[in-house]
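All chains are named by letter (A, B, ...) in the order of the sequence lines, taking the proteins before the strands, and each is independently numbered beginning at 1.
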Amino acid sequence: MKFQAIKGVRDILPPESALWNRVEQTAREVFGTFGFAEIRLPIFEQTDLFARSVGQETDIVSKEMYSFEDRDETSISLRPEATASVVRAYIQHGMQTLPGNVKLHYMGPMFRRERPQKGRYRQFYQIGAEVLGASDAPGIDAEVIEMLMTLFERLKLKGAVLNINSIGDKNCRPAYVEKLRAELVKVREQLGEDSKRRIETNPLRVLDSKLEQEQGIIEKLPRIAEHLCENCREHYAEVKRQLGLRGIVYQENWRLVRGLDYYMRTTFEITAPGLGSQNAVCGGGRYDGLVELLGGPATTKGIGFAIGTDRLVLSLQEAGEDAAQDGPAGKAAGPDVYLAWFGAAAQSAAIGLAKRLRDAGFVVELPAVEMKFGKSLGLADRLGSRHAVIVGDDELAAGIVTVKRLSDGAQQKVGEQELFSYLRTAQNPGI
RNA sequence: GUGAGCGUAGCUCAGCUGGUAGAGCAUCGGUCUGUGGCACCGAGGGUCGCGGGUUCAAACCCCGUCGCUCACCCCA
């Protein structure tokens with residue numbers, strides 16, 4: 001094999017692509033009902049945008065970005081996430097002058113140069129949404145989460161678990177981080193290599209460690225919930241109350257920390273089964289300082305999330321939710337009508353009929369060259385067609401067609417108007 | 001970046017203690033010039049991931065390398 005896809009990227013083939021479309025379409029519908037409109041963003045930006053927002057010292061920026069020098073020598077990067085772009089667009093287009101909160105959603109590929117594994121790719125897809133505006137009301141946090149849960153419910157995602165936490169703001173987090181660091185130094189020798197390193201680089205990350213021998217130590221570490229400032233504590237309490245008002249079940253997880261620098265206060269993550277080691281389908285949180293950091297008005301607050309579409313689809317597949325495809329293995333669902341024609345005169349009649357059928361919304365397969373009768377019906381069968389419509393000399397002479405139901409072989413001769421009504425009643429409406 | 005497992009036809013795999021490749025499925029054609037699923041017959045398709053070494057002889061043994069997968073790290 002000469003060419004193959006680059007490491008960590010992949011093709012999404014039928015019938016899986018149909019599930020992707022369903023997921024993305026459902027997201028558009030659900031988000032639309034919450035008043036979110038779609039924003040289409042560029043796939044690359046100035047490198048500095050990501051360095052400033054995501055954080056220069058994060059793994060994403062320091063070692064995972066696809067960066068390159070443009071011809072004018074500016075550094076450009078493929079986006080590793082989209083919140084920075086949304087905020088950039090918000091500022092660039094002066095959206096702070098729009099009435100109320102600006103609610104935007106997006107979907108598309110992101111790029112991070114990590115070692116691929118189950119549920120992780122170098123080109124991966126996210127569906128995300130952001131609320132930007134003057135208000136940081138806890139009700140916004142809760143509604144954003146409600147919207148997410150509504151989507152998952154609509155998609156029949158099984159076993160989704162919502163984890164929430166508050167990681168404080170610039171008034172209380174630094175002091176907590178120092179306290180945590182001080183405690184970690186005391187138990188340094190009992191920690192693994194990775195956690196030892198994080199004492200310096202990112203003490204919060206230690207809380208997220210999965211190492212068995214560290215669990216007992218982590219349980220005894222100071223918790224941020226007990227070190228939040230007054231404002232953060234009240235905000236967090238109100239977010240939880242607002243979630244309760246919406247009937248949303250959540251799990252408080254004091255060890256939930258986010259990897260991107262811009263998060264503060266509310267953070268959340270949703271896990272789902274069937275994903276292997278990477279079990280988070282969605283992560284998000286509040287980022288009130290980000291707009292100002294990127295040069296926008298200091299009064300603008302923000303909150304958002306990103307769903308890992310690859311992982312969401314994977315979890316749905318593991319649960320058998322992709323069974324809606326009923327075509328032959330490896331193929332998309334078959335056509336409604338296979339239009340078998342025989343002879344030059346029949347071909348021209350079939351071309352016209354195919355057009356009228358398609359205009360009426362039927363999926364029509366029209367053989368490009370004449371085939372033997374048996375071959376043609378055989379192909380109709382293997383394509384998973386529901387009906388064969390036969391146009392040969394006999395039909396032409398009588399001005400009718402033969403329609404045959406492939407599932408049981410029942411067939412009859414009908415005029416064109418009858419054909420349409422027959423096909424409509426034979427359709428499986430709904431689903 | 002680190003570790004482990006795996007690389008034989010489009011797919012799933014067989015190939016014994018070394019003797020230069022097979023099956024099933026799939027594809028295409030035929031039996032079959034107005035009726036599909038079945039059956040039978042046939043065809044195409046492989047530098048055995050790649051390179052080197054050992055050997056009279058390597059898919060098989062040794063070394064290296066590339067790729068895939070999973071896990072660590074980190075994250076969606």
Check your understanding: For A:Leu314 and B:U69, what is the distance between atoms CG and P respectively, to the nearest whole Å?
Key -> 13 Å

Check your understanding: Checking all strands, does A:Gln278 fall into the base, sugar-phosphate, or nothing category for heavy-atom contacts under 4.0 angstrom?
Key -> base

Study note, to complete from the structure: Reading nucleotides 28-41 of chain B from 5' to 3' and marking B where a protein heavy atom lies under 4.0 Å of the base, S where only the sugar-phosphate is that close, and - otherwise, the string is SSSS-SBBBB----

Practice item. Could you check which nucleotide pairs with B:U33 in any of the strands shown, counting Watson-Crick or G-U wobble with both distances under 3.5 Å? Key: none

Check your understanding: Are A:Arg255 and A:Glu219 within salt-bridge range, i.e. N to O under 4.0 Å?
Key -> yes

Check your understanding: How long is the line joining CD of A:Glu81 and C1' of B:C74, in whole Å?
Key -> 15 Å

Study note, to complete from the structure: Note: for A:Pro116 and A:Ala280 on RNA chain B, the residue whose nearest nucleotide lies more 5' is A:Pro116

**Study point:** Nearest-Å distance once atom C1' is located in both B:U65 and B:A39
**Key:** 49 Å

Point to revise | Distance between P atoms of B:G7 and B:U54 (Å, rounded) | key: 26 Å

**Study point:** Least distance between heavy atoms, A:His235 atom then A:Ala137 atom
**Key:** NE2-C, 4.3 Å

Exercise for review: Round to the nearest Å and state the distance from A:Leu383 atom CG to B:A26 atom C1'.
Suggested key: 14 Å

Point to revise | B:G46 - base-pair partner by Watson-Crick or wobble geometry, distances under 3.5 Å | key: none

Review point. Would you say the side-chain atoms of A:Gln56 pair up with the backbone N or O of A:Ala51, donor to acceptor, closer than 3.5 Å?
Key: no

Review point. Is the shortest side-chain N to carboxylate O distance from A:Glu318 to A:Lys118 below 4.0 Å?
Key: yes

**Study point:** Atom C1', compared across B:G53 and B:C11: separation rounded to whole Å
**Key:** 34 Å

Exercise for review: Respond yes when some side-chain nitrogen or oxygen of A:Gln117 is under 4.0 Å from OP1 or OP2 of B:C70, and no when none is.
Suggested key: no

Practice item. Considering only atom P, compute the distance from B:A59 to B:G51 and round it to an integer number of Å. Key: 12 Å

Review point. Between B:C41 and B:A23, how far is it from one P atom to the other, in whole Å?
Key: 13 Å

Check your understanding: With a non-hydrogen cut-off below 4.0 angstrom, is A:Tyr121 in contact with a base, only sugar-phosphate, or nothing?
Key -> base

**Study point:** Whole angstrom value for the distance that separates C1' of B:G67 from CZ of A:Arg115
**Key:** 11 Å

Point to revise | Inter-nucleotide C1' distance (B:G22, B:G64), Å rounded | key: 30 Å

Practice item. Sorted by first residue and then second, give each salt bridge (Lys or Arg N to Asp or Glu O under 4.0 Å) pair with at least one member in residues 26-40 of chain A; sequence neighbours left out. Key: A:Arg28-A:Glu38, A:Glu38-A:Arg40

Point to revise | SB check A:Lys413 A:Asp394 (cutoff 4.0 Å) | key: no

Point to revise | Distance test, side-chain N/O of A:Lys7 to OP1/OP2 of B:C68, below 4.0 Å | key: yes

**Study point:** A:Leu275 CG to B:C74 P, straight-line distance once rounded to whole Å
**Key:** 19 Å

Check your understanding: Starting at CD of A:Glu114 and ending at P of B:C72, how long is that distance when rounded to a whole Å?
Key -> 12 Å

Point to revise | Test of ring centre spacing under 6.0 Å for A:His105 and A:Phe34 | key: no

Exercise for review: Identify the nucleotide, in any strand shown, that forms a Watson-Crick or G-U wobble pair with B:C25, with both distances under 3.5 Å; if there is none, say none.
Suggested key: B:G10

Study note, to complete from the structure: Between CZ of A:Arg122 and P of B:U69 the distance, given in whole Å, is 11 Å

Check your understanding: Rounding to the closest angstrom, what is the interatomic distance between B:C63 and B:C56 at atom C1'?
Key -> 23 Å

Exercise for review: Take the protein atom NZ of A:Lys118 and the nucleotide atom P of B:C68, then report the distance between them rounded to whole Å.
Suggested key: 18 Å

Practice item. Provide the Watson-Crick or G-U wobble partner of B:C61, both distances under 3.5 Å; none if there is no partner. Key: B:G53

Check your understanding: Between A:Gln123 and A:Tyr66, is any side-chain donor less than 3.5 angstrom from a side-chain acceptor?
Key -> no

Review point. Which nucleotide, in any strand shown, forms a Watson-Crick or G-U wobble pair with B:C74, with both distances under 3.5 Å?
Key: none

Practice item. Identify whether the distance between the nearest side-chain nitrogen and carboxylate oxygen of A:Asp141 and A:Arg265 falls below 4.0 Å. Key: no

